[in-house]
Number of protein chains: 2
Amino acid sequence: MELSSHTETPSETSPDSGALSGTDERQAVRLWLRLLGCTHRLEQALGQRLRRGFGTSLARFDYLAQLQHYPDGLRMKTLSRRLMVTGGNITGLTDQLLADGFVTREVDAKDRRSHIVRITPLGLATFECMAVAHRQWVGSLLAGVPEGDRRLLHHLLGGLAQSLDNLPAE
Amino acid sequence: MELSSHTETPSETSPDSGALSGTDERQAVRLWLRLLGCTHRLEQALGQRLRRGFGTSLARFDYLAQLQHYPDGLRMKTLSRRLMVTGGNITGLTDQLLADGFVTREVDAKDRRSHIVRITPLGLATFECMAVAHRQWVGSLLAGVPEGDRRLLHHLLGGLAQSLDNLPAE
DNA sequence: TATTGTTATACTCTATAACTATA
DNA sequence: TATAGTTATAGAGTATAACAATA
């Protein structure tokens, strides 16, 4: 194609270490800025609706969304990894949700350092209510993108996510 | 195709108001979660590097990135709109950058309510130094995605951004 | 009256580091 | 020694509302 005015083979520049040409770096930045812009706008819109509609936050919503898939509960350390957040924050979020009666926290019998957090029936019911609204909000926010494009985006972002998994672990 | 088990024509459900079928809503949520995950991971990686390498934040970096394109400066209100942040925050960010000597702030002669913020030579030099590093970081973080996929992503996200522009203004 | 920006306040999310208790 | 979680602290980002100056 006509794209390749600058396509020295990557293997020449760097076998596998992941350096791009200057041109490609600039293109990568443009992609990143667009990714960031879209995400921030959606995040603000959803965060605002979540706050106004349910008095909650995206972080708490995501927390419950994780927990909801595990009726037997999750260890806080696992949640920390899943939500990509350090341990101290999980303690704080857990305290809030505990106060709301949305989760329980108990010591793991097998490893008494660990605590298991479980979602309560009230938490589950509340989450499901929020999830319905959330689903409709997301649907209406993304309705302007054709179905095929959404599907393609999902696929391509899957590739990005995977390539982020395989990074040299900083 | 096999996708269409649930494809009532959108015009039936809603002519233009943007409601999706339940199936499409769920697919939209999956897309949104993937978008959010990728962005957060990149944002954390870049934010961390920016903090450790330059003692600054993404917000300040973005602020300078905007300003850098306008040697004649920008009004704070304009920055507020561009950075999608409320006015009070712009005041705070401006104060910080002012203290660093990276920007100047003066009253607009034509509208004395307004203030014009300009980037200083020091601010510009500093920004350009950070921008080089930033570009390389982004390049290496996205290097695992094939060039064609990056290009396609950029294109599709442009469509998303545009469709977000055309939303019913919440 | 409406707009620009400032100030003050508060809340959420986050990281870090020191700490306890278990392993 | 290493790990799980807590606590305390700090800082970034944000929203809101009251306010001053100007339009």
How many whole angstroms separate atom CG of A:L98 from atom P of D:dG5? 14 Å

Under 4.0 angstrom, heavy atoms only, what part of the nucleic acid is A:E43 near: base, sugar-phosphate, or nothing? nothing

Is any side-chain nitrogen or oxygen of B:R75 closer than 4.0 Å to OP1 or OP2 of C:dT4? yes

Under 4.0 Å from OP1 or OP2 of C:dT3: is there any side-chain N or O of B:R81 that close? no

Round to the nearest Å and state the distance from B:R112 atom CZ to C:dT3 atom P. 20 Å

Using heavy atoms to find the nearest nucleotide of DNA chain C for B:D111 and B:G88 separately, return the residue whose nucleotide is more 5′. B:D111

Do any side-chain nitrogens or oxygens of B:S114 fall under 4.0 Å of OP1 or OP2 in C:dT4? no

Atom CE of A:M84 and atom C1' of C:dA15 are separated, to the nearest Å, by 15 Å

NZ/NE/NH1/NH2 to OD/OE distance under 4.0 Å, A:R82 and A:D62: no

May I ask you to say what B:T86 touches in the nucleic acid, namely base, sugar-phosphate or nothing, with a heavy-atom cut-off under 4.0 Å? base

Expressed as a whole number of angstroms, how long is the span from A:D108:CG to C:dA21:C1'? 14 Å

Working to the nearest 0.5 Å, report the span between CG of A:L58 and CG of B:L36. 7.0 Å

Rounded to the nearest angstrom, tell me the gap between atom NE2 in B:H40 and atom C1' in D:dG13. 12 Å

Does the distance from a Lys or Arg side-chain N to an Asp or Glu carboxylate O, for B:D108 and B:R113, drop under 4.0 Å? no

Near-ring test B:F61/B:F54, centroid separation under 6.0 angstrom: no

Can you tell me how far P of D:dA21 sits from NZ of B:K110, to the nearest Å? 23 Å

Round to the nearest Å and state the distance from A:N89 atom CG to D:dA12 atom C1'. 13 Å

Starting at CD of B:E106 and ending at P of C:dG5, how long is that distance when rounded to a whole Å? 13 Å

With a 4.0 Å limit, can you tell me whether B:Q96 has a side-chain N or O closer than that to the phosphate oxygens OP1/OP2 of D:dG11? no

Can you tell me how far CD1 of B:I90 sits from NE2 of B:H115, rounded to the nearest 0.5 angstrom? 14.0 Å

Picking from C:dT6, C:dT12, D:dG5, the nucleotide nearest the side-chain atoms of B:H115 would be C:dT6

Just to be sure I understand the rule, does A:L93 reach a base, reach only the sugar-phosphate, or reach nothing, if contact means heavy atoms closer than 4.0 Å? sugar-phosphate

With nearest nucleotide decided by heavy atoms, which residue, B:R113 or B:T91, maps closer to the 5′ end of DNA chain C? B:R113

